Amino acid sequence: QVQLVESGGGLVQPGGSLRLSCVASGFTFSTYSMYWYRQAPGKGRELVASITSTGGNIYYADSVKGRFTISRDNAKNTVYLQMNSLKPEDTAVYYCNRWPPGAWGQGTLVTVSS
């Protein structure tokens with residue numbers, strides 16, 4: 001079955017950086033586009049970034065464009081989200097998934113606060 005394990009979150013000051021990782025299993029990772037989502041307290045889940053199976057096409061939400069970088073390593077079944085210049089409004093639980101989506105993982109909490 002599809003399993004997604006996110007990690008790398010934590011508490012960081014505004015302007016800081018974090019690198020999130022998502023290790024996937026239970027499907028042929030290299031053939032799926034992958035997506036990072038986030039859910040802030042009291043809000044719905046929003047798409048942050050996506051990357052196609054070969055990395056040839058990448059999408060970013062306007063709110064993170066120029067600050068976040070999505071990448072993947074198909075040999076390691078892993079998708080990454082490098083987050084720079086973090087802002088308090090980036091505080092959320094971050095999730096990865098494929099399309100069509102599989103079961104959601106537990107997510108990783110990112111808290112941006114001084």
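All values reported here derive from a predicted model rather than from experimental measurement.
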Margin query: Side-chain heavy atoms nearer than 4.5 Å, only ILVMFWY residues, links allowed to pass through others: does that put V2 and I51 together?
Written below: yes
Check: If every non-hydrogen atom of Y80 is compared with every non-hydrogen atom of D73, which pair is closest and at what distance?
Finding: CE1-CB, 4.0 Å
Next item on the list: Verify the neighbour count for atom CD of Q1: are there more than 12 heavy atoms of other residues, nucleotides or ligands below 6.0 Å?
Entry: no
Could you list the donor-acceptor pairs under 3.5 angstrom formed between side-chain atoms of residues 98-114 and any protein atom two or more places apart in sequence or on another chain?
unit_1	atom_1	unit_2	atom_2	d
R98	NE	P100	O	2.8
Q106	NE2	E6	O	2.9
T108	OG1	G9	N	2.9

Note to self: Measuring from atom CD of Q82 to atom OG of S21, what distance do you get when rounded to the nearest 0.5 angstrom?
What the structure shows: 9.5 Å
Item checked: Closest non-hydrogen atom pair, N84 against S17 -> OD1-OG, 2.9 Å
Item checked: Distance-minimising heavy-atom pair for Y59 and L47 -> CE2-CD2, 3.6 Å
Next item on the list: Rounded to the nearest 0.5 Å, what's the gap from OH on Y35 to CD1 on I70? Could you check?
Entry: 9.5 Å
Check: Under a single-linkage definition using a 4.5 Å side-chain heavy-atom cutoff for Ile, Leu, Val, Met, Phe, Trp and Tyr, are V12 and L81 assigned to the same hydrophobic cluster?
Finding: yes
Notebook entry, point to check: Which distance, rounded to the nearest 0.5 Å, do you find between the OG of S30 and the CG of N77?
Noted result: 7.5 Å
Notebook entry, point to check: In Å and rounded to the nearest 0.5 Å, what is the CG to CZ distance from L86 to F68?
Noted result: 5.0 Å
Check: Do L4 and F29 share a hydrophobic cluster, counting only Ile, Leu, Val, Met, Phe, Trp and Tyr and linking them when any side-chain heavy atoms are less than 4.5 Å apart?
Finding: yes
Check: Which pair of non-hydrogen atoms, one from L20 and one from W36, has the smallest distance, and what is that distance?
Finding: CB-CH2, 3.7 Å
Item checked: Any residue meeting side chain to side chain donor-acceptor pair (under 3.5 Å) with R38, in chain and number order, not counting sequence neighbours -> E46, S63, D90, Y94
Check: In Å and rounded to the nearest 0.5 Å, what is the OG to CD1 distance from S33 to I58?
Finding: 10.5 Å
Check: To the nearest 0.5 Å, what is the distance between OG (S53) and CE (M34)?
Finding: 11.5 Å
Check: Are Y37 and Y32 joined in one hydrophobic group, where the rule is that I, L, V, M, F, W and Y side chains link up if heavy atoms are under 4.5 Å apart?
Finding: no
Note to self: Could you see if V23 belongs to whatever hydrophobic cluster contains V79? Use Ile, Leu, Val, Met, Phe, Trp, Tyr and a side-chain cutoff under 4.5 Å.
What the structure shows: no
